[in-house]
Undergrad: 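Below you'll find the structure I mean.
Sequence positions, counted from 1, serve as the residue numbers for this chain.
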Amino acid sequence: MQAPSIGGVSVPRGNGQVIRLSRGASLSDFADKIGVNPASLVQVLFHLGEMVTATQSVNDETLQLLGAELNFNVQVVSPEEEDRELLETFDIEFGEDEGEESDLQARPPVVTVMGHVDHGKTKLLDAIRHTNLVAHEAGGITQHIGAYQVTTDVDGQERTITFIDTPGHEAFTAMRARGAETTDLVILVVAADDGVKPQTTEALNHAQAAGVPIVVAVNKVDKEGADPARVRAQLTEYGLVAEEFGGQSLFVDVSARNGTGIKELLEAVVLTADAELDLRANPHQQAQGVAIEAHLDKGRGPVATVLVQRGTLKVGDSIVCGEAHGRVRAMLGDSGEQVAEASPSRPVQVLGLTAVPDAGDSFLVVDDDRVARQIAERREARERTAQFAQRRPRVTLEDLESALKSGAREELLLIIKGDVSGSVEALEDALLKIDVGEDVVLRVIGRGVGAITQDDVNLAIASDAVIIGFNVRPAGRAGELAQREGVDIRYYSIIYQAIEEIEAALKGMLKPEFEEAQLGTAEVREVFRVPKIGNVAGCIVRSGTITRNSRARLVRDGVVVSESLSIESLRRFKDDATEVREGFECGIGIGYGDVKVGDVIETFEMREKPRA
């Protein structure tokens, strides 16, 4: 490698060699890979317009910018690759069934229910489970992910199906996408009286991207105005052609309210799974799977709803789930019953974790608690570094001076607490997508599951942050502390209300924008010299109204002669006037000596523009 000089700094150049770096890597990590002093990379970035210290976590774009400058091909390792490499150090294979072909056994299909908001997804699950989940959901909109198992009779055989219910609001796109990734088959719910809607196509896109079969449940066929044929015709445009139209997709007409068509729907799910999928897993290995949901229970601590994908999960197993670890103290089924073990495709609630994992985190059983703790700690450190790099504002040489000036940039800091991790994640994702321009920045400095604690309030006090409580309230004396210190805590139970209020708050923080509004113009007919006062212009008002003390400019032959003037005196004949309207003559004093006949005096004011 040669050692050319960049801005006076001698640094080695690569020949397109691939450098693999983890998310949030520092310049020291980069320097170790290419065998140079980190200080030289700091100087190179300085000359490229970036101010970064040697140990600071750097975002992906900056790492690749530096790599391109030094002729290295920088590849930022994806979270999945990082996790795979981490597990390989412990000699653990994740995502694959162990053993021989003969060890694989049939497992139930995992079905995700998707569709547009208010098309009856939760009511359909009610009808299937004979329970009333809708009554527990704020606004009738599902805010959490739940997993349930049901049994049905198909051709004289008892068959089990696992259902995952995903939220209906569009802000939960990320959670819905995760539901598609963990599923084998999708039930797309479309209301017969409403047809295909935006979230219907959104859900369809997620399912098709996941490459899973789709069964369409045409709901509300009992309602007046229901037209199931129209739904079939609409979905044909998206590649879902009903069997009766010569296609492959199964459409079932159902009424969740009356319970009709439910058995036929379950049968269609089983038949589709049997025809298109080879659903088998090894139940004899150590369990692996995914966390569907998690929350903090006041009496039981962290509780995670997990879906076992392979192996069998048993009470007493050492488990690591995302950045949480522990030993399985107890397991509960979807009806709250105690469960000793969970086989593939079985959803259970797990008690015994040290922390609340994120929805979508993978879990696996390891040999002992020590290994579980080490994996969890490394995952936590890696994620913390990546988040720090992502959220740290990049300061360039061009904006350094302005960024340091107080008040040059407005910032809204938020602390988000929710009852379940999926809601916190979805709310944070939705809020960070709010765009009100570059003048205002929104940053989430804290997030977690459970009640609002004194630690949350203290962080808000130290950073002037606003606390958002999603289905949670302050614990202990946290509420009193917040009230005493004037910390703003906002409580919500429906996500789009939170989004609307925060967006309104951000727009309120924007500096007002002003636009000029012309008030009037006056043409100078004569110029009078008044002792001790100066020149006074004898004018006729050509348009609008000339008002005393209003701002003014002097225009000569279409060119502005002077801008920062004001109407210091205004008279009609010998009397002082407050304003003079169009068509009337007046005397105007603007405190400017060089006034000539034919000049035009324009008056105006600056008005605040309403923001869109």
Undergrad: Atom OG1 in Thr201, atom NE2 in His116: separation rounded to 0.5 Å?
TA: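 Rounded to the nearest 0.5 Å, the OG1-NE2 separation comes out at 9.5 Å.
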Undergrad: Hey, mind stepping through Val218 and Arg232 against side-chain contact (heavy atoms from CB on, under 4.5 Å) and telling me if it holds?
TA: CA-CA 9 Å; Val218 184; Arg232 286 165 169 77; 4.0 Å; yes
Undergrad: Just how far is it from atom OG1 of Thr272 to atom CD of Glu267, taken to the nearest 0.5 Å?
TA: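 The distance works out to 10.0 Å.
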Undergrad: Counting C-beta onward and ignoring hydrogens, is there a side-chain heavy-atom pair between Ile502 and Leu412 closer than 4.5 Å?
TA: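 Side chain of Ile502 against side chain of Leu412, heavy atoms only: contact under 4.5 Å found.
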Undergrad: Could you go through the side-chain contact (heavy atoms from CB on, under 4.5 Å) check for Thr152 and Val269 one step at a time?
TA: CA-CA 11 Å; Thr152 185; Val269 167; over 6 Å; no
Undergrad: Between Leu431 and Ile416, is the side-chain contact (heavy atoms from CB on, under 4.5 Å) condition met? List the steps.
TA: CA-CA 10 Å; Leu431 293 178; Ile416 303 176; 4.0 Å; yes
Undergrad: Under a plain distance cut-off of 3.5 Å, with no hydrogens placed, do Gln208 and Tyr238 share a side-chain donor-acceptor pair?
TA: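 Side chains of Tyr238 and Gln208: no pair found under 3.5 Å.
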Undergrad: Among Asp184, Asn282, Thr160, find the residue that satisfies the side-chain hydrogen bond (donor to acceptor under 3.5 Å, both in side chains) test when tested with Arg107.
TA: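 Only match with Arg107 under side-chain hydrogen bond (donor to acceptor under 3.5 Å, both in side chains): Asp184.
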Undergrad: Please determine if Arg310 and Asp103 form a salt bridge, counting it only when a charged side-chain N lies under 4.0 Å from a carboxylate O.
TA: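 No, this pair does not count.
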Undergrad: Is there side-chain contact between Ile415 and Leu459, with at least one heavy-atom pair below 4.5 Å?
TA: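 Ile415 reaches Leu459 side chain to side chain.
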Undergrad: Grab the two heavy atoms, one from Ala217 and one from Leu124, that are nearest each other, plus how far apart they are.
TA: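 Looks like CB-CD2, 4.2 Å.
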Undergrad: Is there side-chain contact between Ser249 and Val241, with heavy atoms separated by less than 4.5 Å?
TA: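 Result no, sub-4.5 Å side-chain heavy-atom pair not found.
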Undergrad: Distance-only, no hydrogens or angles: does the Thr354 side chain make a donor-acceptor pair with backbone N or O of Ala324 under 3.5 Å?
TA: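 Judged by distance alone, no pair lies under 3.5 Å.
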Undergrad: To the closest 0.5 Å, what do you measure between CD1 (Ile187) and CG (Asn219)?
TA: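 One gets 11.0 Å once the value is rounded to the nearest 0.5 Å.
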Undergrad: For Ala330 versus Gln338, what's the shortest heavy-atom pair and its separation?
TA: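 Here Ala330 and Gln338 meet closest at CB-OE1, 4.0 Å.
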Undergrad: Begin from the C-alpha positions of Leu413 and Asp464 and carry the test side-chain contact (heavy atoms from CB on, under 4.5 Å) through to its verdict.
TA: CA-CA 7 Å; Leu413 303 180; Asp464 289 330; 5.7 Å; no
Undergrad: Just by distance, do the side chain of Ser345 and the backbone of Val110 share a donor-acceptor pair under 3.5 Å?
TA: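 Flag not set: sc Ser345 to bb Val110 has no pair under 3.5 Å.
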Undergrad: Any idea which heavy atoms bring Val254 and Gly261 closest together, and the distance?
TA: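 What the structure gives for the nearest pair is CG1-O, 3.3 Å.
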Undergrad: I need the minimum non-hydrogen distance between His295 and Asp419, along with the two atoms involved.
TA: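 Looking at all heavy atoms of both residues, the closest pair is CB-O, 2.8 Å.
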Undergrad: Does the Thr312 side chain pair with the main chain of Pro283, one donor and one acceptor, at a distance under 3.5 Å?
TA: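 At least one qualifying donor-acceptor pair exists.
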Undergrad: Atom NZ in Lys220, atom OG in Ser255: separation rounded to 0.5 Å?
TA: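 Output value for this atom pair is 10.0 Å.
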Undergrad: Report yes if some heavy atom in the side chain of Phe363 is under 4.5 Å from a heavy atom in the side chain of Val350; otherwise report no.
TA: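 No, their side chains stay 4.5 Å or more apart.
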Undergrad: In this structure, are over 12 heavy atoms from other groups packed under 6.0 Å from Arg280 atom CZ?
TA: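 More than 12 heavy atoms, drawn from other residues, nucleotides or ligands, come within 6.0 Å of this atom.
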Undergrad: Return yes if some donor-acceptor pair links the side-chain N/O of Lys314 with the main-chain N/O of Glu341 below 3.5 Å, else return no.
TA: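 Looks like no, no N/O pair under 3.5 Å.
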Undergrad: Would you say that more than 12 heavy atoms from the other residues, nucleotides or ligands in this model lie under 6.0 Å from the CZ of Arg230, or not?
TA: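 Count over threshold, so yes.
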Undergrad: Ignoring hydrogens and angles, tell me if any N or O in the side chain of Glu264 forms a donor-acceptor pair with the backbone of Val252 under 3.5 Å.
TA: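 Not at all, since once roles are kept as given, no pair shorter than 3.5 Å links the two residues.
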Undergrad: Is there a side-chain contact between Arg379 and Asp361, using heavy atoms and a 4.5 Å cut-off?
TA: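 They are not in contact (no side-chain heavy atoms under 4.5 Å apart), so the answer is no.
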Undergrad: Taking Arg447 first and then Asp358, would you say they form a salt bridge - that is, a charged N and a carboxylate O separated by under 4.0 Å?
TA: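 Salt bridge between Arg447 and Asp358, a charged N being under 4.0 Å from a carboxylate O: yes.
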Undergrad: Testing the basics here: between Gln149 and Pro347, what is the closest heavy-atom pair and its distance to 0.1 Å?
TA: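 That would be CG-CD, 3.8 Å.
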Undergrad: Are side-chain heavy atoms of Ile499 and Ile495 found at a separation under 4.5 Å?
TA: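 The answer is yes; the side chains approach within 4.5 Å.
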Undergrad: Any chance you could measure Gln349, atom CD, to Ile292, atom CD1, to the nearest 0.5 Å?
TA: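 Rounded to the nearest 0.5 Å, the CD-CD1 separation comes to 12.0 Å.
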Undergrad: Indicate the atoms forming the closest heavy-atom contact of Pro357 with Ala294, along with that distance.
TA: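 Scanning both residues, the minimum pair turns out to be O-CB, 3.4 Å.
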Undergrad: Given side chains that start at C-beta, do those of Leu427 and Ile468 come closer than 4.5 Å, heavy atoms only?
TA: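 Touching, per the 4.5 Å side-chain cut-off.
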Undergrad: Please tell me if the side chains of Val270 and Asp274 come closer than 4.5 Å, counting only heavy atoms from C-beta onward.
TA: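 A side-chain contact exists here, since the closest heavy-atom pair is under 4.5 Å.
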Undergrad: Nearest 0.5 Å, please: how far is CD in Glu276 from CD in Gln248?
TA: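 With rounding to 0.5 Å, CD (Gln248) is 7.5 Å from CD (Glu276).
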